[in-house]
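Have a look at the structure below before the remarks.
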Number of protein chains: 2
Amino acid sequence: MSGVDAVLGALADPTRRALLDALAARGQASASALAADLPVSRQAIVKHLTILEEAELVSSARAGREVRYTLRSQALDATARWMASLAGEWDRRLNAIKRAAEAEDQPRRPQ
Amino acid sequence: MSGVDAVLGALADPTRRALLDALAARGQASASALAADLPVSRQAIVKHLTILEEAELVSSARAGREVRYTLRSQALDATARWMASLAGEWDRRLNAIKRAAEAEDQPRRPQ
DNA sequence: TGTAGGTGCAACTATATGGTTGCACAAGGG
DNA sequence: CCCTTGTGCAACCATATAGTTGCACCTACA
C-alpha cells in the first residue's frame, strides 16, 4: 500500500493531470510531443513524467531516438480502491461512535 | 467534479493523512486535542484542518469554547469514484488504440 | 557525412508550502 | 473575579517544488 503516497502526490499537481489527459488522448507519446500540447517546456514535462513514472502511473520505453510514454491504470485503480475503503472505514467508525454515544445517553432517562 | 482538485491536493500531504487517521480514531476532536497526537504545533494542525475543510474532507462545529472537527466521507468517496472511472477510461482508450494499430497492420499480410 | 530532431544533465530562479513563535482574545470553572 | 484552556491572527523562516535556460550528446536519414 505504499504506492498510494506516490500516486496522491503525483495526482496533486494540475499540470501532471493535464499530462495524463494528453497521454490518454494520444495513447502513447514522447516528451517532446507532449510539450507541444502543454504550455510548459519539454524539460518541465520530463520532470513531471519522471514523477508519474515513479508513481507507476506511466511507463516508458525507448523507440529509436525517442522515449515513448504510456499510461498504466493499475496504480490509479489501486489508489481508487484504497480511497473507497477508507471512506467506508470512516463511515463505520463514525456510526460506531454515534451508537456508543447513544448507548451512553439512553440509560440516563429510564422513563 | 471540481472538488477533486482540492481533495487530491489535501490528501497529498502525509501530515494531513495522519490527521485524518487521528480524527477517524477519535471520531471528533478539537485542533488542540489533535495537536497532542501529532508531532507538530497546534497552529500547523489548524492550517491543515482548514485545507481539509476546504476540500470538504472534514467539517467543523463550534461547541462552547472549542471547535470540533469531524470526518466527511462523501468527498473522499466521490474522488475514489472519479479515479476508478478514469482508470477505466484509460483502459478503454488504450484498448481502442491497440485495436486500431492491429487493424492497420493486418491488411499488409493477406496470407 | 552532416544536419535535424530528440534526449539527458546541470545550474539557476521564484514562489508555494509546511512549519514555527508570539501574542491577543473568548469562554468556562473554581 | 481570576485563571485556565482553547481559539484566532500575523509575522517570519526554511525548504520543496515547478519552472526556466543552456548545452552536450545520441540517432536517424537524406
Side-chain angles (χ1 to χ4, degrees), chain A residues 2-23 25-71 79, chain B residues 2-23 25-71 79:
Chain A
S2 78
V4 167
D5 303 43
V7 171
L8 290 175
L11 288 181
D13 183 75
T15 302
R16 235 127 52 199
R17 288 198 301 273
L19 204 44
L20 292 173
D21 282 348
L23 256 184
R26 293 170 169 265
Q28 194 176 53
S30 68
S32 298
L34 289 166
D37 284 17
L38 302 180
V40 293
S41 70
R42 174 186 61 94
Q43 292 300 336
I45 301 275
V46 170
K47 286 188 190 178
H48 284 308
L49 284 171
T50 302
I51 291 171
L52 289 171
E53 189 166 20
E54 278 165 2
E56 299 188 336
L57 288 169
V58 305
S59 63
S60 66
R62 180 134 225 155
R65 70 181 157 185
E66 63 182 32
V67 178
R68 305 263 176 75
Y69 292 86
T70 48
L71 295 174
T79 304
Chain B
S2 77
V4 167
D5 304 44
V7 171
L8 290 175
L11 288 180
D13 183 75
T15 302
R16 235 126 52 197
R17 287 198 300 272
L19 204 44
L20 292 173
D21 282 348
L23 256 183
R26 294 170 167 265
Q28 192 177 53
S30 68
S32 298
L34 290 166
D37 284 15
L38 301 182
V40 293
S41 71
R42 174 186 62 93
Q43 292 302 335
I45 301 275
V46 170
K47 287 189 188 178
H48 285 309
L49 284 172
T50 302
I51 291 171
L52 289 171
E53 189 166 20
E54 277 164 3
E56 300 188 334
L57 288 169
V58 305
S59 62
S60 66
R62 181 134 225 153
R65 69 180 158 187
E66 65 182 33
V67 178
R68 304 261 175 76
Y69 292 86
T70 47
L71 295 174
T79 304

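Lettering follows sequence order; numbering is per chain, from 1.
- Comparing C:dG8, D:dA18, C:dG19 against the side chain of A:I51 picks out D:dA18 as the nearest.
- Taking atom NZ of residue A:K47 and atom P of nucleotide D:dT17, one finds them 12 Å apart after rounding to whole Å.
- Taking side-chain N and O atoms only, A:S41 has no distance below 4.0 Å to OP1 or OP2 of D:dG19.
- Straight-line distance from the CG atom of A:L11 to the C1' atom of D:dA18: 17 Å, rounded to whole Å.
- Close to C:dG19, at under 4.0 Å from its OP1 or OP2, lies a side-chain N or O of B:H48.
- Residue B:V67 is the one, among A:R16 and B:V67, whose nearest nucleotide of DNA chain D lies closer to the 5' end (criterion: closest heavy atom).
- Judged by distance alone with a 3.5 Å cut-off, a donor-acceptor contact links the side chain of A:R42 to the base of C:dG8.
- In this structure, CD of A:E53 is placed 10 Å from P of C:dG8, rounded to the nearest angstrom.
- The two atoms that bring B:Y69 and B:S60 nearest to each other are CE2-CB, 3.5 Å, heavy atoms only.
- Per the geometry, CZ belonging to A:R68 stands 13 Å off C1' belonging to C:dG5, to the nearest Å.
- A:V58 and A:L20 make their closest contact through CG1-CD2, 3.8 Å (heavy atoms, listed as atom of the first residue, atom of the second, distance).
- One finds the CG atom of B:L49 at 11.0 Å from the OG atom of B:S59 (value rounded to the nearest 0.5 Å).
- Between B:S32 and D:dT7 there is a side-chain polar atom (N or O) within less than 4.0 angstrom of OP1 or OP2.
- Between the side chain of B:R42 and the main chain of B:A35, no donor-acceptor pair closer than 3.5 Å is present.
- Across all non-hydrogen atoms, the minimal contact from A:V7 to A:A55 is CG2-O, 3.6 Å.
- On a pure distance criterion of 3.5 Å, a polar donor-acceptor pair joins the side chain of A:Q43 and the base of C:dG8.
- When the C1' atom of D:dG6 is taken as reference, atom CG of B:L49 falls 14 Å away, rounded to whole Å.
- Residue A:T15 places no side-chain N or O under 4.0 Å from the OP1 or OP2 atom of D:dA18.
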Once base and sugar-phosphate atoms are separated, protein heavy atoms under 4.0 Å mark nucleotides 25-30 of chain C, 5' to 3', with B, S and - as --BS--
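- Straight-line distance from the CD1 atom of A:I45 to the P atom of C:dT7: 11 Å, rounded to whole Å.
- Side-chain N or O atoms of B:R17 include none that pairs as donor or acceptor with a backbone N or O of A:D5 at under 3.5 Å.
- Between B:G64 and B:R62, the shortest heavy-atom distance links the atoms O-NE, 3.4 Å.
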